[in-house]
Protein chains: 2
Amino acid sequence: MVKYEAIANEMRQRILTGTYPIESLIPDQISLAKEFRVSRMTMKKALDILAMEGLIYRQRGSGTFVMKTALLNQQDSAVNEYEGLTKQLSGKKVTSKVIEFNVEFPSEEIMKHLMIKKKQPVYKLVRLRVVDGNPYVLEHTYMPVDLAVGLTEEILEQSIYRYIHEELDLHFGGAFRKIHADKSSHYDQEYLNCKIDDPILEVEQVVYLKDGRPFEYSRSRHRYDTRSYTISDINRNN
Amino acid sequence: MVKYEAIANEMRQRILTGTYPIESLIPDQISLAKEFRVSRMTMKKALDILAMEGLIYRQRGSGTFVMKTALLNQQDSAVNEYEGLTKQLSGKKVTSKVIEFNVEFPSEEIMKHLMIKKKQPVYKLVRLRVVDGNPYVLEHTYMPVDLAVGLTEEILEQSIYRYIHEELDLHFGGAFRKIHADKSSHYDQEYLNCKIDDPILEVEQVVYLKDGRPFEYSRSRHRYDTRSYTISDINRNN
DNA sequence: GAGTGGTCTAGACCACAGT
DNA sequence: CTGTGGTCTAGACCACTCA
């Protein structure tokens, strides 16, 4: 653990436990640097983390304050969507029903999203994710075979992401998503058990590896009444 | 303009114009620091920006590479949603029809979202935003009167955000959003001119000022066929 | 003018990858 | 072992706020 992370953790605790109350001025960087016995640059780097998290804000000339919203939003399940459902809903019982598992050559659209050639095979899979017995999301997924090599039905029924991380030792760098509303298709109605006029929340995403190679293109179709997508966007610049 | 931003701009140009091609190794930090006549820490800070933008990735021990995806995603209209429609769609003709403009005491829910007291009045307004003559989004907005003081119908018909920034000199720190799909109400059908079984994409958001005070709570209801919500999430950690 | 946070430096040490 | 990027330091200067 590097110093600035350790300090950020300590400072976060002080905010969450009220040692530094909401809207209060906290000590200046020089005092804090002295207290933690680090240089001021390192202290600032620790505070940068808390600012990114929306816990503090800084006003040049005035000082550093605890944000009014500091005690909210202590959940970040939004951004790490591609970590997989299994990890996100770790309290609940998540199972997967594999509806389709094939290999094929990519369509024009898939080629574009995964940045691959015409004759580079992809896995195509459709999975229904079931949470505590209720149908939750219907996922249509495409992955290049050479990146996700060695998939089996057994893996699909559990967590693909665990396999990717632990067995293949591949790590994600980010994702690009689009969110739409859509009418439900017969397919949705059948598997998600929704009514004919129920809308669908579709999340279309491309997940990238750390080096920027596209790893997965998927469309996740959610029942409109069980899922909302959450985004927090705090202190992005300065 | 600070040094690291200027250097980041120059490096970004080199990537976008192909001076540093896709997937290539770029010079090491020490060489670059020499070239730009800055310290290595400053050079690293410039590269940090490009990494956040998803243009490069760095491998300790190996070097810094241009991401395969560097030439994509050169649009970021997603994250700055609260900058307002007028700014986002600056090529098109955006008008607003004010459907409701009132002042009232907040409901329980509004009190919670805006973190205000029971007797603190709020503006309630409903606007239909029209882009190039087509109904685009129906916005239900609540703002504390003491923060958005002095709103007039005239301002509402143009850009609220311009008024807030330029006249009131208030600046945003971030936003917190939830995205749902929903069935259309009679209200939606009337103003958005959509069919009875058309779904709606609703974006519910709280916008915060830099000091964390909630400034606006709104629900924006979009036609499902004209709007998708885009999120890019690259290199968030490391 | 005193105190704050933001930037920048020159140099050091460390962790890691490739040889 | 060499070269890479990540961290950390001690000190300097600057921009800004507030009394």
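By convention in this document, chain letters (A, B, ...) are assigned in the order of the sequence lines, proteins followed by strands, and residues within each chain are numbered from 1.
Of the side-chain N and O atoms in B/K44, none sit less than 4.0 angstrom from OP1 or OP2 of D/dG5. Residue B/Y4 places at least one side-chain N or O closer than 4.0 Å to OP1 or OP2 of C/dT7.
Ring orientation note: the planes of B/Y123 and B/F101 are tilted relative to one another, at an angle of 30° to 60°.
Against DNA chain D, the stretch residues 25-36 of chain A makes no heavy-atom approach under 4.0 Å.
The ring pair (Phe, Tyr, Trp, His ring centres under 6.0 Å) search around B/H140 returns B/Y187, not counting sequence neighbours. Shown here are the salt bridge (Lys or Arg N to Asp or Glu O under 4.0 Å) partners of B/E35, two or more places apart in sequence or in another chain: B/R14. Applying the ring pair (Phe, Tyr, Trp, His ring centres under 6.0 Å) rule to A/Y20 yields no partners; only residues at least two apart in sequence or on another chain are considered.
Summarising the geometry, the separation between CG on B/L47 and C1' on C/dC8 is reported as 16 Å, rounded to the nearest angstrom. As a whole-Å value, the separation of B/Y57 OH from D/dT4 P is 16 Å. For B/F65 and D/dG3, the CZ to C1' distance is 13 Å, given to the nearest whole Å. Going from atom CG of B/D48 over to atom P of C/dT7 covers 12 Å, rounded to whole Å. In this entry the distance linking NZ of B/K45 with P of D/dG5 reads 19 Å, nearest Å.
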Base versus backbone protein contacts along nucleotides 9-16 of chain C [heavy-atom cut-off under 4.0 Å; B, S, -]: BBBB--BB
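In this structure, B/F172 has its ring center closer than 6.0 angstrom to the ring center of B/F215.
Residues A/I116 and A/D146 have side chains not in contact (no heavy-atom distance under 4.5 Å, counting atoms from C-beta outward).
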Please table the atom pairs, donor to acceptor, closer than 3.5 Å between any side-chain atom in residues 36-48 of chain B and protein atoms at least two apart or in another chain.
residue, atom, partner, partner atom, Å
B/S39, OG, B/T42, N, 3.4
B/S39, OG, B/T42, OG1, 3.2
B/R40, NE, B/Q29, OE1, 2.9
B/R40, NH2, B/Q29, OE1, 3.1
B/K44, NZ, B/D48, OD1, 3.2
B/K44, NZ, B/D48, OD2, 3.2
B/D48, OD1, B/R58, NH1, 3.0
B/D48, OD1, B/R58, NH2, 2.9

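Put simply, the side chain of B/R127 gets close to the backbone of B/L156: a donor and an acceptor are under 3.5 Å apart.
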